[in-house]
There are 2 protein chains.
Amino acid sequence: MASLGELERAVMDLLWAGHEAATANTLRDMLAQSTAAQGGAAGHEGKDLAVTTVLTVLSRLEKKGLVERERGTRPHRYQAVSSREDHTAELMHEVLGSAPDREAVLARFIGSVTESEAETLRKLLGHS
Amino acid sequence: MASLGELERAVMDLLWAGHEAATANTLRDMLAQSTAAQGGAAGHEGKDLAVTTVLTVLSRLEKKGLVERERGTRPHRYQAVSSREDHTAELMHEVLGSAPDREAVLARFIGSVTESEAETLRKLLGHS
DNA sequence: CGTTGTTTTCTACGCAACGTAGAACATCAA
DNA sequence: TTGATGTTCTACGTTGCGTAGAAAACAACG
């Protein structure tokens, strides 16, 4: 239960955009943002969706544990449970986890990262 | 187009099992193996599937580019295009690739590998 | 308190992927 | 030719996702 659809991903992108600010978004905020983003690079722009559509998606994302909703306030407020980076890293672990020979996978994996990323990794791994 | 269903994965596991041996499998081989594996640990065991079911799955896997089939020989022979490790590593790159801040993701990723794996990574990354 | 605009829930349709397999066609061995 | 075996075609049921209407819950105003 890890993969997201196109619209689900677009909604998560909205939430992730403001994840730092710990600013939980209302539905109306999000719709405004998404309409404003018209003409942006990302994939899902073009038509405006019905309010209920976004709500349905948010509910599904909540059920998947990716979104948290404050039910206390009256216009409910939504926010991503974890940052995009954390989520992606978690996904990578999920993929890796299902492998019997993790180290062999890692070997091939680092075999095709860019040199600059390899450099970053060296720094992060530090000295033995 | 990256994710596999449960049965698709089970079939790939069969093919991956003998990927080293460059031994392309016939359908009958695979059915025998899968029946033999009854009582094994993996998830999908329990009932025997119809021959056509496995064939359909193989066709779908072929369309996805994960399986190659020799059409020349009469009982066709099937084999995984790449090893399980390569495939998993590729998947990890796919997940990573969609991130705007790859290095931040990598940072979090290596933050939660086991020490032994970190050691392996250090060796593989080698000297600057 | 009732009318009205906003927000949330419930329900549902269409489509695609996947598990599943029957029916029919092709091929090989006797 | 006749079985036995292998392959293709087609299809049905389920589930996830994009999409949204209808209706219920609620807030604010007069």
Side-chain angles (χ1 to χ4, degrees), chain A residues 1-15 24-35 37 42-79 87 91 94 98, chain B residues 1-15 24-35 37 42-79 87 91 94 98:
Chain A
M1 218 216 233
S3 73
L4 299 188
E6 199 177 342
L7 177 55
E8 288 177 327
R9 179 156 299 275
V11 168
M12 286 310 294
D13 278 342
L14 281 187
L15 291 177
N25 308 267
T26 72
L27 220 207
R28 210 145 276 290
D29 289 346
M30 298 179 61
L31 288 171
Q33 270 185 267
S34 105
T35 313
H44 198 273
E45 327 300 334
K47 41 190 158 190
D48 13 324
L49 302 170
V51 185
T52 51
T53 300
V54 180
L55 266 177
T56 302
V57 168
L58 280 168
S59 292
R60 287 175 182 165
L61 289 170
E62 194 190 9
K63 192 183 304 177
K64 292 186 194 180
L66 294 183
V67 164
E68 216 166 25
R69 134 165 36 186
E70 291 178 32
R71 284 192 144 85
T73 67
R74 193 41 184 157
H76 292 185
R77 290 178 169 277
Y78 304 85
Q79 65 188 316
H87 176 253
L91 257 191
E94 249 173 61
S98 70
Chain B
M1 218 216 234
S3 73
L4 299 187
E6 198 177 344
L7 178 55
E8 289 176 326
R9 180 157 299 276
V11 168
M12 286 310 295
D13 278 342
L14 282 186
L15 290 176
N25 307 268
T26 72
L27 220 206
R28 209 142 279 289
D29 290 346
M30 299 179 59
L31 287 171
Q33 271 185 267
S34 105
T35 314
H44 199 272
E45 327 299 336
K47 41 190 157 189
D48 12 324
L49 302 170
V51 186
T52 50
T53 300
V54 180
L55 267 177
T56 302
V57 168
L58 280 170
S59 293
R60 287 174 182 167
L61 289 171
E62 195 191 8
K63 192 183 305 177
K64 291 186 196 180
L66 294 183
V67 163
E68 216 166 24
R69 132 165 39 186
E70 291 179 31
R71 285 192 142 87
T73 68
R74 195 38 187 162
H76 293 184
R77 290 178 169 276
Y78 305 85
Q79 66 187 316
H87 177 253
L91 257 192
E94 250 173 61
S98 70

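In what follows, chains carry the letters A, B, and so on, assigned in the order in which the sequence lines appear, proteins first and then strands, with residues in each chain numbered from 1.
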Quiz item: According to a strict under-4.0 Å criterion, is B/R71 in side-chain N/O contact with OP1 or OP2 of D/dT8?
Solution: yes
Exercise. Under the side chain to side chain contact (heavy atoms under 4.5 Å, CB included) rule, what do A/R71 and A/R69 come out as? Steps first, then yes or no, please.
Key: CA-CA 6 Å; A/R71 284 192 144 85; A/R69 134 165 36 186; 3.8 Å; yes
Quiz item: Closest to the B/E6 side chain: C/dT9, C/dG19, C/dT6?
Solution: C/dG19
Quiz prompt | B/L27 CG to D/dT7 C1', straight-line distance once rounded to whole Å | solution = 9 Å
Self-check item: First encountered from the 5' end of DNA chain C, between B/V57 and A/V51
Solution: A/V51
Quiz item: Using a cut-off of 4.0 Å on non-hydrogen atoms, how would the nucleic acid contact of B/T56 be classed: base, sugar-phosphate, or nothing?
Solution: base
Quiz item: Where each residue is assigned the nucleotide of DNA chain D containing its nearest heavy atom, which of A/S3 and B/R77 is assigned the position nearer the 5′ end?
Solution: B/R77
Self-check item: Option among B/R60, B/K63, B/K64 that satisfies the salt bridge (Lys or Arg N to Asp or Glu O under 4.0 Å) test with B/E8
Solution: B/K64
Quiz prompt | Short side-chain N/O contact to D/dA20 OP1/OP2 from A/T53, under 4.0 Å | solution = yes
Self-check item: Short side-chain N/O contact to C/dC18 OP1/OP2 from B/K63, under 4.0 Å
Solution: no
Quiz item: Taking the nucleotide of DNA chain C with the closest heavy atom to each, which residue, A/R69 or B/E8, is nearer the 5' end?
Solution: A/R69
Quiz item: How close or far is atom P of C/dA26 from atom CG of B/L55, stated in whole angstroms?
Solution: 17 Å
Quiz item: Rounding to a whole Å, what distance do you find between A/R9:CZ and D/dG16:P?
Solution: 18 Å
Quiz item: How is B/R60 classified with respect to the nucleic acid when contacts are heavy atoms under 4.0 Å: base, sugar-phosphate, or nothing?
Solution: base
Exercise. Find the distance A/L58:CG to D/dA20:P and express it as a whole number of Å.
Key: 15 Å
Practice problem: Using atom NZ of B/K64 as one end and atom P of C/dA16 as the other, report the distance to the nearest whole Å. | Solution: 15 Å
Practice problem: List the steps, then state whether side chain to side chain contact (heavy atoms under 4.5 Å, CB included) holds for A/V67 with A/V11. | Solution: CA-CA 10 Å; A/V67 164; A/V11 168; 5.9 Å; no
Exercise. Evaluate side chain to side chain contact (heavy atoms under 4.5 Å, CB included) for A/L49 paired with A/L7, printing each intermediate quantity in order.
Key: CA-CA 10 Å; A/L49 302 170; A/L7 177 55; 3.5 Å; yes
Exercise. Show your working on side chain to side chain contact (heavy atoms under 4.5 Å, CB included) between A/L58 and A/H76 and close with a plain yes or no.
Key: CA-CA 11 Å; A/L58 280 168; A/H76 292 185; over 6 Å; no
Quiz item: How close or far is atom C1' of C/dT7 from atom CG of A/D29, stated in whole angstroms?
Solution: 13 Å
Exercise. Consider the side chain of A/L7, meaning its heavy atoms from C-beta on, and name the nucleotide among C/dT20, D/dG18, C/dT6 that approaches it most closely.
Key: D/dG18
Quiz item: So does A/H76 get a side-chain nitrogen or oxygen closer than 4.0 Å to the phosphate oxygens (OP1/OP2) of C/dT7?
Solution: no
Practice problem: To the nearest Å, give me how far apart CE (B/M30) and P (D/dT7) are. | Solution: 12 Å
Quiz item: Taking CZ from B/R28 and P from D/dT5, how many angstroms apart are they, rounded to a whole number?
Solution: 7 Å
Self-check item: Nucleotide nearest B/L49 (side chain, heavy atoms from C-beta), chosen from D/dC17, D/dT19, C/dA21
Solution: C/dA21
